[in-house]
S.K.: 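My questions will all concern the structure given below.
Note: hydrogens, waters and symmetry copies are ignored here, and every other heavy atom, side chains too, is used. Just so it is clear, the model here is predicted, and its values are computed rather than measured.
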Amino acid sequence: MSVVPTDVITGILSRLPVKNVVRFKCVSKPWSSLIDGSYLSNLQLRRSFTSNANIKLLDSYAEDDEYKAYSVDFDSLDNLEELPRPLSTTSFGVSSRIFGSCNGLLAISHDEAGIALWSPSTKECHYPPKLTIGDMYDVIILGFGYDVINNDYKVVRMLSSGKLVMIYSLKAKSWKRIKDCPYEITFHVSQDGAYANGSVHWVGVENDKDDDARVIFGLDIGIEEFHQLPGPESDISYKNFGYRSVGILGGSLCVFRDIYHQDNIVLWVTKEYGVRESWTEDFYVSRDECWQWCMYYTRAISYYRRGDRVLLDDGGRPRQPAWFNLDKRTREVVDIPGAPKHFNAIIFVESLASVLPGNH
């Protein structure tokens, strides 16, 4: 009987649904090693990103007695799946949320238990040691991303004042403190970091400066240094607008800004990282076209495949994502059969990436 070459097997596996591939680990030890290895994982991820395949929407927030997470196919918005949620909430007033999504791995924060790194595709979980720095009144800022330089996944944790910046390395399985952040993150903006181009990004203000003078800044998690990004060019001075939140849209860094005394928000997207001239105004949303009073906390989740619509979440209650049609300027609330009333959506891609430290 002829033997199928390993490169042929690898190519076939990289095109199959991740859940099926995981089941094949029991075929033999060589197959298990192949599936656990970084080559197949990276190949499968590249194919998914290139073809926009294996994309899921997942409910990122749980409170009170929630012990499940819910995911749904992004293209069809059906086939709802219940997943056992790491760090489930078991008491009233306690919540957990997913604060980062990168290469199919999710970072979860729990009010009492700390942080977990989770792969919904492989069902793996990893629990960094819980930190106790700061006190109960401190606002904690979080971020998660991939360190390309060191082939490592890292969690960022700091106070909203920019003090006590800690980085957790999955490869080293330990926390370490780095120099304080020169920016402060206020309660007026979204506070979870957005990962792009090797850095985790937030909106903040330089320490000891006016809250109106908000900037976009990032932490390069490879060299572990903070840097400020040039914002969009505009004929509106910073005193007339404010950055609200950064995010990722179509693989690029984006930022919402609101114009003072005008009831609308504007989304800008950068096509070339770190270049001011590459920012383009993508669209604006007015209060008349929005569906909640808290439109200033709107998040952009993803473009539709044809690019004529964008999926938005305004952060209100009930939290239900909605399509905003860029041409007709209309909205359509997304109805996901079986989903919970509050569905705070994030994007993730099914992948073979591992949260187990020994696999990095």
Side-chain angles (χ1 to χ4, degrees), residues 58-69 83-147 150-181 183-185 187 190-195 199-202 204 219 221-222 224 226 344 346 348 353-360:
L58 189 133
D59 181 22
S60 67
Y61 188 81
E63 60 185 355
D64 300 339
D65 60 350
E66 285 291 328
Y67 59 92
K68 298 176 183 177
L83 303 170
R85 188 183 191 94
L87 304 181
S88 59
T89 58
T90 57
S91 58
F92 184 79
V94 175
S95 65
S96 71
R97 76 180 191 280
I98 297 170
F99 63 86
S101 173
C102 181
N103 295 342
L105 304 185
L106 303 175
I108 303 175
S109 173
H110 187 276
D111 290 344
E112 296 178 341
I115 290 172
L117 301 181
W118 177 37
S119 167
S121 305
T122 66
K123 306 298 191 292
E124 295 173 349
C125 288
H126 175 71
Y127 301 92
K130 183 179 179 181
L131 291 179
T132 57
I133 59 174
D135 60 45
M136 62 180 296
Y137 301 107
D138 287 324
V139 176
I140 304 299
I141 306 300
L142 297 167
F144 175 63
Y146 178 61
D147 175 356
N150 300 297
N151 185 29
D152 193 8
Y153 288 92
K154 293 181 176 179
V155 174
V156 183
R157 183 187 189 274
M158 62 182 171
L159 304 186
S160 60
S161 62
K163 308 296 184 183
L164 296 174
V165 183
M166 304 291 293
I167 291 183
Y168 180 79
S169 161
L170 181 61
K171 181 180 285 188
K173 296 188 291 186
S174 63
W175 290 95
K176 74 173 181 179
R177 183 174 178 179
I178 65 170
K179 66 180 182 180
D180 288 348
C181 174
Y183 307 95
E184 178 181 355
I185 300 175
F187 70 91
S190 178
Q191 296 175 334
D192 288 336
Y195 172 78
S199 296
V200 184
H201 303 84
W202 297 269
L219 171 62
I221 56 177
E224 298 176 352
F226 288 97
N344 191 18
I346 64 166
F348 85 101
S354 177
V355 295
L356 302 182
N359 290 349
H360 295 272

S.K.: Asn103 and Ala353: which non-hydrogen atoms are nearest, and at how many Å?
M.R.: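 Nearest pair, atom of Asn103 first, then Ala353: O-CB, 3.5 Å.
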
S.K.: Heavy-atom distance under 4.5 Å between the side chains of Leu117 and Phe144, does that happen here?
M.R.: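 Yes; the side chains approach each other to less than 4.5 Å.
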
S.K.: Are side-chain heavy atoms of Asp59 and Asn344 found at a separation under 4.5 Å?
M.R.: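 Result yes, sub-4.5 Å side-chain heavy-atom pair found.
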
S.K.: Taking all non-hydrogen atoms of both residues into account, name the closest pair between Ile167 and Lys154 and its distance.
M.R.: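 Closest heavy-atom pair between Ile167 and Lys154: CG2-CD, 3.8 Å.
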
S.K.: Before you tell me yes or no, could you show the steps for Ile346 and Leu106 under side-chain contact (heavy atoms from CB on, under 4.5 Å), namely the whole-Å CA-CA distance, both residues' side-chain angles and the distance that decides it to 0.1 Å?
M.R.: CA-CA 10 Å; Ile346 64 166; Leu106 303 175; 4.1 Å; yes

S.K.: Nearest 0.5 angstrom please: Ile140 CD1 to Ser109 OG, how far?
M.R.: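 The OG atom of Ser109 is 8.5 Å from CD1 of Ile140, to the nearest 0.5 Å.
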
S.K.: Between Asn151 and Tyr146, what is the shortest heavy-atom contact and its length?
M.R.: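 In this case the closest contact between Asn151 and Tyr146 is OD1-OH, 2.6 Å.
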
S.K.: So how far is it from Phe348 CZ to Ser119 OG, rounded to the nearest 0.5 Å?
M.R.: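 The OG atom of Ser119 is 8.0 Å from CZ of Phe348, to the nearest 0.5 Å.
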
S.K.: Can you tell me if Asp152 uses its side chain to pair, donor with acceptor, with the backbone of Ser169 under 3.5 Å?
M.R.: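 Checking the backbone N and O of Ser169 against the side chain of Asp152, no donor-acceptor pair under 3.5 Å is found.
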
S.K.: Evaluate the side-chain proximity of Ile115 to Tyr168: yes if any heavy-atom separation is below 4.5 Å, no if none is.
M.R.: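 A side-chain contact is absent here, since even the closest heavy-atom pair is not under 4.5 Å.
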
S.K.: Taking all heavy atoms of His126 and all of Val355, pick out the closest pair and write down the distance.
M.R.: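 It is CB-O, 3.3 Å.
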
S.K.: In the structure I gave you, are the side-chain heavy atoms of Leu159 and Val139 within less than 4.5 Å of one another anywhere?
M.R.: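 Of all side-chain heavy-atom pairs linking Val139 with Leu159, none is under 4.5 Å.
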
S.K.: Could you check whether any side-chain heavy atom of Phe99 comes within less than 4.5 Å of a side-chain heavy atom of Ile108, counting everything from C-beta outward?
M.R.: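 A side-chain contact is absent here, since even the closest heavy-atom pair is not under 4.5 Å.
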
S.K.: Are the side chain of His201 and the backbone N or O of Ser199 linked by a donor-acceptor pair below 3.5 Å?
M.R.: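 At least one qualifying donor-acceptor pair exists.
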
S.K.: Do Lys176 side-chain atoms and Met166 backbone N/O form a donor-acceptor pair below 3.5 Å?
M.R.: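 No, the answer is negative, given that no donor and acceptor are paired below the 3.5 Å cut-off.
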
S.K.: Compare every heavy atom of Leu219 with every heavy atom of Trp202, then report the nearest pair and how far apart it is.
M.R.: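 For Trp202 and Leu219, the tightest heavy-atom pair comes out as CZ3-CB, 4.1 Å.
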
S.K.: Between Glu224 and Lys179, does any NZ, NE, NH1 or NH2 come within less than 4.0 Å of an OD or OE carboxylate oxygen?
M.R.: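 No salt bridge links Lys179 with Glu224.
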
S.K.: Would Arg97 and Asp192 pass as an ion pair if we require N to O under 4.0 Å?
M.R.: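 Yes.
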
S.K.: Nearest heavy-atom pair of Ser354 and Leu105: which atoms, and what distance?
M.R.: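 Shortest heavy-atom contact: O-CD1, 3.7 Å.
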
S.K.: Begin with the C-alpha distance, continue with both residues' side-chain angles, and end with the deciding distance and a verdict on side-chain contact (heavy atoms from CB on, under 4.5 Å) for Arg85 and Ile98.
M.R.: CA-CA 10 Å; Arg85 188 183 191 94; Ile98 297 170; 4.2 Å; yes

S.K.: Atom CD of Glu184 and atom CE of Met158: how far apart are they, to the nearest 0.5 Å?
M.R.: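 With rounding to 0.5 Å, CD (Glu184) is 10.5 Å from CE (Met158).
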
S.K.: With Arg157 as reference, evaluate Val165, Leu142, Leu164 under the side chain to side chain contact (heavy atoms under 4.5 Å, CB included) test and give the passing residue.
M.R.: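 By the side chain to side chain contact (heavy atoms under 4.5 Å, CB included) criterion, Arg157 pairs with just one of Val165, Leu142, Leu164: Leu142.
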
S.K.: Run Asp147 and Tyr153 through side-chain contact (heavy atoms from CB on, under 4.5 Å) and show every step you take.
M.R.: CA-CA 6 Å; Asp147 175 356; Tyr153 288 92; over 6 Å; no

